[in-house]
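Encoded as structure tokens, the structure appears first; notes follow it.
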Amino acid sequence: MPRILTDHDFDEAIIRGLTRRIPDLDWLPLRAIAAIRSVDPDVLAVALEARRVVLTHDVKTLYPLALELVAKGVAVPPVIAVPRRIGRRMSIDELELLLLAGTPDDWGVGVVQLPLP
């Protein structure tokens, strides 16, 4: 089971829904280890060091940054971008499938955006 790190603005209702379905989900909110609002490169660095998958709603800056770094050959943690527009129920359904069906190594470059194709 992947270990999860959520960025500061991730919808905790989604996490609560996931933990009802996956009781042993290892989840850590970024604010638990970073008192101030971290910038995107710091979020990626913290998650990489902690060996955690990043869950984010930030499809405008964090997600593109992760893709850019991967293209440059820079190590980044797995990142799952969850656009708010897909809603909580679909987010929970798709995250459950993604987290239970494979490992971050199965995700290719490790940067994906929901909904799944």
Side-chain angles (χ1 to χ4, degrees):
M1 171 67 57
R3 297 163 21 126
I4 304 298
L5 176 79
T6 55
D7 66 6
H8 286 290
D9 69 341
F10 198 81
D11 185 348
E12 288 190 22
I14 294 172
I15 295 297
R16 286 191 301 273
L18 270 177
T19 56
R20 279 192 293 274
R21 295 183 186 186
I22 309 170
D24 60 341
L25 183 70
D26 183 350
W27 165 62
L28 179 66
L30 181 62
R31 71 178 169 282
I33 53 176
I36 59 170
R37 187 164 180 86
S38 299
V39 294
D40 294 342
D42 294 341
V43 173
L44 295 174
V46 166
L48 186 64
E49 183 176 327
R51 299 179 50 88
R52 290 186 175 268
V53 175
V54 176
L55 293 184
T56 184
H57 291 302
D58 186 354
V59 297
K60 292 186 178 177
T61 60
L62 194 141
Y63 174 72
L65 173 63
L67 288 173
E68 177 185 324
L69 292 172
V70 166
K72 292 179 179 178
V74 177
V76 297
V79 174
I80 303 173
V82 182
R84 290 184 187 274
R85 66 176 165 69
I86 69 171
R88 289 178 177 156
R89 183 178 199 101
M90 183 180 224
S91 296
I92 294 166
D93 290 345
E94 297 225 350
L95 286 167
E96 179 186 24
L97 283 173
L98 191 58
L99 295 172
L100 292 177
T103 67
D105 293 335
D106 297 330
W107 303 339
V109 296
V111 181
V112 296
Q113 181 173 337
L114 300 182
L116 297 172

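These values consider heavy atoms only, across backbone and side chains, with no hydrogens, waters or symmetry-generated copies.
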>> Do I15 and L55 have side chains that approach each other closer than 4.5 Å (heavy atoms only, starting at C-beta)?
In response: yes

> At what distance, to the nearest 0.5 angstrom, does CG of D42 lie from CG of D7?
Replying inline: 12.5 Å

> Does the pair I4 and L18 meet the rule for a side-chain contact (heavy atoms from CB on, under 4.5 Å), with working shown?
Replying inline: CA-CA 11 Å; I4 304 298; L18 270 177; over 6 Å; no

> Can you name the closest pair of heavy atoms from L5 and P29 and give their distance?
Replying inline: CD1-C, 4.2 Å

> Is there any ring pair (Phe, Tyr, Trp, His ring centres under 6.0 Å) pair reaching into residues 80-100, and which pairs are they, with sequence neighbours excluded?
Replying inline: none

> Passes side-chain contact (heavy atoms from CB on, under 4.5 Å), L30 versus F10? Steps please.
Replying inline: CA-CA 10 Å; L30 181 62; F10 198 81; over 6 Å; no

>> Test of understanding: with salt bridge (charged side-chain N to carboxylate O under 4.0 Å, His left out), list the residues that count as partners of R21, not counting sequence neighbours.
In response: D93, E96

>> Applying salt bridge (charged side-chain N to carboxylate O under 4.0 Å, His left out), can you list everything that pairs with R88, at least two apart in sequence or on another chain?
In response: D11

>> Tell me the closest heavy-atom pair linking G17 and I92, and the distance in Å.
In response: CA-CD1, 3.8 Å

> When clusters are formed by joining ILVMFWY residues with side-chain heavy atoms under 4.5 Å apart, either directly or through shared neighbours, do W27 and V82 land in the same one?
Replying inline: yes

>> Is there a path of hydrophobic side-chain contacts, each under 4.5 Å between heavy atoms of I/L/V/M/F/W/Y residues, joining V59 to M90?
In response: no

>> Distance check, rounded to the nearest 0.5 Å: T6 atom OG1 versus I14 atom CD1?
In response: 10.5 Å

Which atom pairs, donor and acceptor, lie under 3.5 Å between side-chain atoms of residues 61-79 and protein residues at least two apart or in another chain?
{"unit_1": "T61", "atom_1": "OG1", "unit_2": "D40", "atom_2": "OD2", "d": "2.7"}
{"unit_1": "T61", "atom_1": "OG1", "unit_2": "D58", "atom_2": "OD1", "d": "3.0"}
{"unit_1": "T61", "atom_1": "OG1", "unit_2": "D58", "atom_2": "OD2", "d": "2.5"}
{"unit_1": "E68", "atom_1": "OE2", "unit_2": "K72", "atom_2": "NZ", "d": "3.1"}

> Does the H57 side chain pair with the main chain of P83, one donor and one acceptor, at a distance under 3.5 Å?
Replying inline: no

> Within the distance-only criterion (no hydrogens, no angle test), does the side chain of R3 pair as donor or acceptor with the backbone N or O of A50 below 3.5 angstrom?
Replying inline: yes

> S91: what forms a side chain to side chain donor-acceptor pair (under 3.5 Å) with it, not counting sequence neighbours?
Replying inline: none

> Could you give all pairs that pass the salt bridge (Lys or Arg N to Asp or Glu O under 4.0 Å) test and reach residues 46-56, with sequence neighbours left out?
Replying inline: D26-R52

